[in-house]
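Structure record follows, encoded as structure tokens.
Counting begins at 1 with the first residue of the sequence.
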Amino acid sequence: MWRFLGLVALVFAAGIGVLYWLKLGPFAEDATAGESSSNATVPVAGPTPAMRNDGQAADFGLSLRPTQPKKDPITIHNAVVTLAEDQEVASRFDGQLREILVELNQPVKRGQVLGRLDDRVAQAAEDAARVKAESEPTIAAAKLKYETARQIVQEDRRAGIAVSANEKLIHEFQMQQAYEEWRKAVEERELARQELIKARTERELHKIVSSVPGLVSRIYKKPGESVRAGEPVFRVANYDRLRIEGGVPVQQAPYIKVGMRCLVEPEQPLDALRELRGHTGAVTAVAASPDGVLLASASEDQTVILWDWVVGRRWETLSEDVPLHAVAAGKPITNSATGETLYRFVTGGEHGRVRLWEITVNAQGRRTDKRNVELSHPDGHRGSAVRAVAISPDGTLIATGADRSLCLWEIGPEGPKFRYRIQESATEPAHRGAITTLHFSQGKDDSLYLVSAGTDRALKRWKIGPQFAQLDFRQRDRTGDVPRLGISRDGRRCLFDAGDKLWIIDFEDRDIVGVIDSGGRGQFSSLAVFTPSGQMVLTANSSGRVQLFTTPARPEEAAFFRNGYSQGFRRNSLFALGVLGSSACEESLWSVPGMLALCGTQPTQPPPPEVSAAVPTLSPAAHVHLPIVLVNAREYRGLTAVPEVWPLQSRELRHLITSDPGAVTCADFLPEPDNSEQPTLLFTGGADRVVRIWRLPPASARADTLEAIITAVGSQIEAGTGMVHVRAELDNPSRADARLLAGAKVNLTIYPELVTEQPPLPQR
């Protein structure tokens, strides 16, 4: 029976998912045809390259202004993190501090007593007031006198004319007098109770009470010291509840409202695992062998050092006679019979010098042979510095780039030999400037490609043939500030520098499939390379910050989920739809990080106050306050424990901490481990002559996003800035490596689709 019901529920969910997919999918038609052009989310692709008569591809380029959604995501840069609950706990009464009941860093609750003033005088006053408040003889005597006088009056009335009228008047007057004395005694007792309440209140004021939960971060006084009313004695800080404050332009303020979710991008530093020192000049290039055993670092000191990076020692030194600018590692070749492994490294340096090094290592890890040969040819590099080298994945081809010249070499049984010079035509060189980036990649049809970039601000991809290389892709108008551009391991995507943005270009689709923004930290520089998984990008910018960014979702993925926002779907309620959508898309939606989250929905508004009937009490305070109901506000924790927003935009995952801001100019990664959840190792080098080893977070860290909820949007425009104040709150993560500190800077990303109704513009 349960299996049958489960099958019916699954079929029903699948049907609903298909309907929503048709409505929300990236290929669904826009509901408002009049806005279709402005709401397009897929960047405009360039035309298919036309072939010229000489066999080369005609010039073409992608549009570097991809069509954006009508409402772009709103990013608040450099928002400040503060404590949402932070109190200087002050004394409420003048006196002398008698005792301290807490210690530093001790957790305390809301309403907990932290210390107490000397309350002996207040205690004596309370005892005296209690005696008066609890005194009953006076009231009892007055009541008895009144009851006696009332009985006499009643007897006079029954006696009739036997009692004279004057006596009746006298007896009634005595009864009235006795009643007034009784009432006065009751009033005096109530007044005594009021005095008791006052005495108790004054005594309570001698207690120093925290009104917020948190940790005791400061104790300003010692027992025996005098304290004035309003003078701080303790400081209690709640580090589990944070507030984020920033500003947005007034034009974006209407798309933000209280209660909506936003992604928090904290600045999380990353320290190096180890430093390798040995070079006397700037490190210009690093390359790890594909098996991860050796690390080569080239330097201007005319040497290449091979490092046994696991133990952090120099293993071998390859000496040249010119400053070196590039190094590449080839595929190792292992002789199964002898157990020896042949390692190949190619170096490029000044004066067109290119050299192939062959190092033989036995099974015990000792070098048994070292040979080198210089690569030279009349049609090769003619004296200009070689700044880029690359070895093909199978280890049989070498590409070298210098000033306006790009050469291809072949490694055969008899040694390396020149194959041909790569050019656009007989009169047009490969590049019109120095070549700084070279990468081999394999195509879908097993074709071999070579990607090159240079100071001529052009990016090109060549299809390698046996006799010549055919230009397959060309994109101009780079800013040229990033000499070392990376491609993904599958060879499909490439990075393209455009000032303070990096465009991710898809060679197969001829599209711009993502954008990485520096976040207001200046233009990108030095390098921009993919990690082995392709889900992160390592960059450096002009301000000296070395950053590790997540790659953004593809345009069709972003369109799918952003359309889902407008339909009320969230990350914690789109499980079944995501499964169906991922199987229906050509590009799997599973690449969107964190898509598999909890299915249960969660409210996005603070809970209503709790209302309950008042409980009767015999306390003297009940004579002062007699509430009919009790209204208690439920604690508002931001409701950010369950994620609701997908991290569709690129964000800074970590930034590398170095002593010299410009220390990183080259980088390489350890080959991707078998388990993608294992951390990837990064090797960097730069002008400070140090090679550093870093452990990068695993790919799953992309899904470890923080979310805040908007708690306030300003109604006034700040004078001189045109900005509107925005405040958000979140719970500080419990994990030590993810906790935020007060004073830290973060970025907030807000998607306008999360807003169902627009608030009015703030007033000046």
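Between the side chains of E88 and Y220, at least one donor N or O lies within less than 3.5 Å of an accepting N or O. Side chains of T684 and R692: a donor-acceptor N/O pair is absent below 3.5 angstrom, by distance only.
Taking all atoms of both residues into account, the shortest heavy-atom contact from A728 to I710 is CB-CD1, 4.0 Å. The heavy-atom pair separating N78 from K745 by the smallest distance is O-CD, 3.9 Å. Closest non-hydrogen pair, N105 versus L215, comes out as O-CD2, 3.8 Å. The two residues V529 and L495 have their closest heavy-atom pair at N-CD1, 3.7 Å. Scanning all heavy atoms of the two residues, the minimum distance from P552 to I516 falls at CD-CG1, 4.2 Å. Shown here for V482 and A528, the closest heavy-atom pair between the two residues is CG1-N, 3.6 Å.
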Check: Please walk me through it: do F549 and D517 pass side-chain contact (heavy atoms from CB on, under 4.5 Å)?
Finding: CA-CA 9 Å; F549 284 95; D517 196 308; over 6 Å; no
Notebook entry, point to check: Between R695 and L681, does a side-chain contact (heavy atoms from CB on, under 4.5 Å) hold up when you go through it step by step?
Noted result: CA-CA 5 Å; R695 178 181 283 113; L681 292 182; 4.0 Å; yes
Margin query: Using the rule given for side-chain contact (heavy atoms from CB on, under 4.5 Å), can you reason through L740 versus L242, listing the C-alpha separation, both sets of side-chain angles and the distance that settles it, and then say yes or no?
Written below: CA-CA 8 Å; L740 301 180; L242 301 178; 3.6 Å; yes
Item checked: Trace of the side-chain contact (heavy atoms from CB on, under 4.5 Å) decision for S542 with D481 -> CA-CA 9 Å; S542 57; D481 296 321; over 6 Å; no
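Proximity of V102 to S210: side-chain heavy atoms (C-beta onward) are nowhere separated by under 4.5 Å. Residues L117 and L97 form a side-chain contact, since some pair of their non-hydrogen atoms from C-beta on lies under 4.5 Å apart. Taking 4.5 Å as the limit, every side-chain heavy atom of V690 sits out of range of all side-chain heavy atoms of L276. Counting only heavy atoms from C-beta outward, the side chains of S217 and R235 approach each other to under 4.5 Å. Two residues are said to be in side-chain contact when any heavy atoms from C-beta on lie closer than 4.5 Å; R654 and L696 fail this criterion. By the 4.5 Å heavy-atom criterion applied to side chains, S533 and T680 are not counted as neighbours. Looking only at side-chain heavy atoms (C-beta outward), V746 and I244 come within less than 4.5 Å of each other. Between V113 and V209 the shortest side-chain heavy-atom distance falls below 4.5 Å.
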Enumerate, atom names and distances included, each donor-acceptor pair closer than 3.5 Å involving a side-chain atom of residues 656-664, sequence neighbours excluded.
residue : atom : partner : partner atom : Å
T658    : OG1  : D660    : O            : 2.8
D660    : OD1  : G662    : N            : 3.2

Expected list for residues 518-525: side-chain donor-acceptor pairs under 3.5 angstrom, two or more places apart:
residue : atom : partner : partner atom : Å
S518    : OG   : D500    : O            : 3.4
S518    : OG   : G522    : O            : 2.8
R521    : NH2  : E267    : OE2          : 2.3
S525    : OG   : N541    : O            : 3.3

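Expressed to the nearest 0.5 Å, how far CG of L682 lies from OG1 of T531 amounts to 9.5 Å. For the atom pair L748 CG and R727 CZ, the distance stands at 13.0 Å (nearest 0.5 Å). In this structure, CD on Q252 lies 4.5 Å from CD1 on I74, to the nearest 0.5 angstrom. Expressed to the nearest 0.5 Å, how far CD of Q194 lies from OG1 of T201 amounts to 10.0 Å. Here CG of L741 is found 9.5 Å from CG of L83. Values are rounded to the nearest 0.5 Å. To the nearest 0.5 Å, atoms CG (L730) and CG (D240) are separated by 11.0 Å.
The closest donor-acceptor contact from the side chain of S650 to the backbone of T550 lies under 3.5 Å. Side-chain atoms of S526 never come within 3.5 Å of backbone atoms of T665 as a donor-acceptor pair (strictly under, hydrogens ignored). A distance-only check finds no donor-acceptor pair linking the side chain of E265 to the backbone of T749 [under 3.5 Å]. For the pair E126 (side chain) and R203 (backbone), a donor-acceptor distance under 3.5 Å is absent. Judged purely by atom type and a 3.5 angstrom limit, R92 uses its side chain to pair as donor or acceptor with the backbone of K207. The closest donor-acceptor contact from the side chain of R110 to the backbone of S211 lies under 3.5 Å.
For E225, the CD atom counts as densely surrounded, since its 6.0 Å shell holds more than 12 non-hydrogen atoms of other residues, nucleotides or ligands. Counting non-hydrogen atoms of neighbouring residues, nucleotides and ligands closer than 6.0 angstrom, the CZ atom of R739 exceeds 12 such neighbours.
By the side chain to side chain contact (heavy atoms under 4.5 Å, CB included) test, P223 is found to be paired with I100, residues two or more places apart in sequence or in another chain being considered. Qualifying side chain to side chain contact (heavy atoms under 4.5 Å, CB included) partners for C666, counting only residues two or more places apart in sequence or in other chains: V283, V286, R484.
Each of R651, E652, H655 was compared with Q547 under the side-chain hydrogen bond (donor to acceptor under 3.5 Å, both in side chains) criterion, and only E652 meets it.
The stretch residues 228-247 participates, sequence neighbours left out, in no ring-ring contact (aromatic ring centres under 6.0 Å, His included) pair at all. Pairs of residues two or more places apart, or lying in two chains, that qualify as ring-ring contact (aromatic ring centres under 6.0 Å, His included) and include a residue from residues 199-219 are F93-H206.
Checked for salt-bridge contact, E85 and R241 miss the test: no charged N lies under 4.0 Å from a carboxylate O.
Aromatic pair Y565/W646: ring centres closer than 6.0 Å.
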